[in-house]
Amino acid sequence: MARAVTKQRKTINTIAAWAVGLLIFFPILWTILTSFKTEAQAISDPPVFLFFDWTLENYGVVQERSDYMRFLWNSVIIAGGSTLLGIIVAVPAAWSMAFVPSKRTKDILLWMLSTKMLPAVGVLYPIYLIFISLGLLDTRIGLVVVMMLINLPIIVWMLYTYFREIPGEILEAARMDGASLKNEILYVLTPMAVPGIASTILLNFILAWNEAFWTLNLTAAKAAPLTAFIASYSSPEGLFYAKLSAASTMAIAPILILGWFSQKQLVRGLTFGAVK
Amino acid sequence: MARDGRPLQLFRNLNAKIAAIPMIFTAVVIFAGGTIWTVVYSFTDSKLLPRLRWVGLDQYDRLWNTSRWIISIENLMIYGVFSLVFSLVIGFVLAALLDQKIRFENTFRTIFLYPFALSFIVTGLVWQWILNPDFGVQSVIRDLGWESFTFDPLYTADIVIYGILIAGLWQGTGLIMCLMLAGLRGIDEDVWKAARVDGIPIWKTYLFIIIPMMRPVFITTLVLIASGIVRVYDLVVAQTSGGPGIASEVPAKYVYDKMFLGQNLAQGFAGSTMMLLTVLIVLIPWAYLEFGGKRRV
């Protein structure tokens with residue numbers, strides 16, 4: 001900020017900032033580049049950076065070995081479905097916490113968030129048993145529910161922080177005009193909170209998209225999403241780094257692209273609303 | 001608050017309670033219910049299937065006499081402490097250095113957040129490769145002329161957990177930095193001016209004025225780092241599968257292996273109960289200090 005920064009210093013800082021940014025981005029960039037190399041070039045010594053024979057061969061091999069689209073579709077359904085369900089459950093809860101706070105609101109929020117701290121293995125087996133008895137194992141609907149449950153605390157917390165910035169008087173006025181509770185939430189609160197809700201949706205979508213622990217344990221062939229797709233390549237069954245990179249690139253590309261085109265929501269969402 | 005004390009109080013609270021029920025219900029039933037179930041069955045001798053034949057503390061006795069469990073706990077502690085310290089320090093220092101208008105700031109932040117937007121599985125695989133001695137960092141530096149350079153954490157039992165730590169830091173620090181940056185931006189410019197007028201050195205201003213003012217940001221980052229530490233399982237599985245030998249085992253993996261591979265359910269439950277206990281020992285005093293003391297609504 002304006003801490004008597006000279007123009008020269010500012011340039012240096014910008015360069016430094018982007019250098020650090022590049023350093024952080026490098027592993028991702030390297031993975032993407034490697035996915036276009038042949039296996040020999042991928043492990044060549046010294047490494048080749050840009051000047052290699054670009055090839056799409058790896059993608060073909062990966063696609064042939066496992067049907068990428070099926071995994072992608074599962075990921076979209078699971079991440080999208082759990083996010084939608086989570087928002088539907090969380091909006092009323094966050095509304096009540098933000099606008100009708102009671103003495104216990106802070107406690108409830110804390111208890112809710114503390115479930116995120118609990119080791120997931122502690123509830124894995126009970127949920128596994130429930131899944132077996134309900135026939136939900138390796139189904140998308142089962143995963144949608146589990147993902148919704150584990151991310152719900154984060155969704156409620158984020159919506160709560162966004163809702164609190166909205167002046168309660170506006171809701172009051174709507175109520176005075178005879179709006180029912182449903183209409184108050186649906187037509188007054190929600191439209192005002194759209195930016196916050198969008199960030200929450202994006203964050204939750206990414207969290208659900210990346211969740212590996214639950215998806216690996218509760219799915220097999222049918223409902224497996226992209227995290228399972230990429231994990232299946234980590235065992236060295238004659239597959240090598242170029243193909244592994246291709247598989248990784250295919251798994252992360254949707255998120256990178258989505259993030260790039262919604263930078264503002266991404267930054268707001270991933271920083272839990274800290275960046276305005 | 002202005003909204004309180006109106007005639008419709010009772011009704012509105014009722015509405016609020018009804019609105020919050022689905023959320024509280026799911027949290028309580030699934031997490032509390034599941035956790036209690038696990039704790040109860042940790043006192044049994046369940047093997048392949050859960051059954052209620054009590055054996056008291058036998059499972060815990062066995063647990064603490066297993067070297068693999070001890071190593072797991074040590075690893076988690078090393079990982080936990082270092083990831084906490086380094087995330088906070090690196091995150092804050094970077095944020096302080098970058099605390100000024102940068103061109104294309106959203107893009108810049110997006111890049112810093114990208115690692116966090118990746119699955120732990122991908123992070124683990126990428127870093128498994130970067131840390132590979134044959135074509136990763138070690139080979140690049142040797143090619144530059146430093147022939148004896150050795151950096152081989154993933155294949156050296158003593159330091160393998162630090163290899164995992166590097167990947168974990170890469171994934172999380174960008175996020176911490178962005179949060180800290182947002183916190184720094186939120187601080188009034190007048191604070192800086194006042195400190196300068198009083199002739200307080202910059203580092204002192206940061207240490208005694210700015211950081212205490214950023215308390216809420218630090219709490220958010222602590223929560224995030226802590227939940228990342230609990231989730232280190234994914235990273236270990238993708239990077240080393242616990243190897244070399246059992247040098248990079250973590251508690252969650254022990255529990256998982258006992259439950260699903262070792263057909264020794266109760267042993268796994270005992271492990272996860274210990275993990276739960278550890279979390280509670282850390283969490284409860286902090287939660288009391290943070291939320292219990294001043295109950296302001």
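Naming convention: chains lettered A, B, ... in sequence-line order (proteins, then strands); numbering from 1 in each chain.
Listed here is the closest heavy atom pair of B:Pro115 and A:Ile28: N-CD1, 4.4 Å. The two residues A:Ala212 and B:Ile121 come nearest to each other via the heavy atoms CB-CG1, 3.5 Å. Nearest heavy atom pair, residue B:Phe112 against residue A:Ala17, reads CE1-O, 4.2 Å. Pairing each heavy atom of B:Trp129 with each of A:Ser245, the nearest pair is CZ3-OG, 3.4 Å. When all heavy atoms of A:Ser248 and B:Val122 are compared, the closest pair comes out as CB-CG1, 4.4 Å. Nearest heavy-atom pair, A:Gln263 versus B:Thr110, reported as atom, atom and distance to 0.1 Å: CG-OG1, 3.3 Å.
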Between B:Thr107 and A:Trp260, does a side-chain contact (heavy atoms from CB on, under 4.5 Å) hold up when you go through it step by step?
-> CA-CA 8 Å; B:Thr107 309; A:Trp260 192 260; 3.2 Å; yes

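Between A:Tyr125 and B:Phe260, the two ring planes are tilted [angle within 30° to 60°].
Looking at A:Ala90, there are no atoms closer than 4.5 Å to chain B (heavy atoms on both sides), in backbone or side chain. Only the side chain of A:Ile206 has a heavy atom closer than 4.5 Å to any heavy atom of chain B. With a threshold of 4.5 angstrom between heavy atoms, B:Leu265 approaches chain A through side-chain atoms but not through N, CA, C or O. Neither the backbone nor the side chain of B:Tyr41 has a heavy atom closer than 4.5 Å to any heavy atom of chain A. With a 4.5 Å cut-off on non-hydrogen atoms, A:Ile155 does not touch chain B at all. Only the side chain of A:Leu124 comes within contact range of chain B, with at least one heavy atom under 4.5 Å from a heavy atom of that chain. Both the backbone and the side chain of A:Val20 come within less than 4.5 Å of a heavy atom of chain B. Proximity to chain B (any heavy atom under 4.5 Å) is shown, for A:Ile150, by both the backbone and the side chain. Using a 4.5 Å cut-off between heavy atoms, B:Ile229 does not touch chain A at all.
Here the CD1 atom belonging to A:Ile24 is positioned 13.5 Å from the CZ atom belonging to B:Phe116, to the nearest 0.5 angstrom.
Ranked by heavy-atom pairs under 4.5 Å with chain A, the list B:Leu280, B:Leu113, B:Ile111, B:Thr273 is led by B:Leu113.
For the pair A:Leu129 and B:Trp37, the minimum side-chain heavy-atom distance is below 4.5 Å. With contacts defined as side-chain heavy-atom distances shorter than 4.5 Å, the pair A:Leu256/B:Leu118 qualifies. By the 4.5 Å heavy-atom criterion applied to side chains, A:Asn217 and B:Tyr256 are counted as neighbours.
Remark: the backbone N or O of B:Ala117 is paired with a side-chain donor or acceptor of A:Asn210 at under 3.5 angstrom. A donor-acceptor distance shorter than 3.5 angstrom exists from the side chain of B:Thr38 to the backbone of A:Gly122, with no hydrogens or angles considered.
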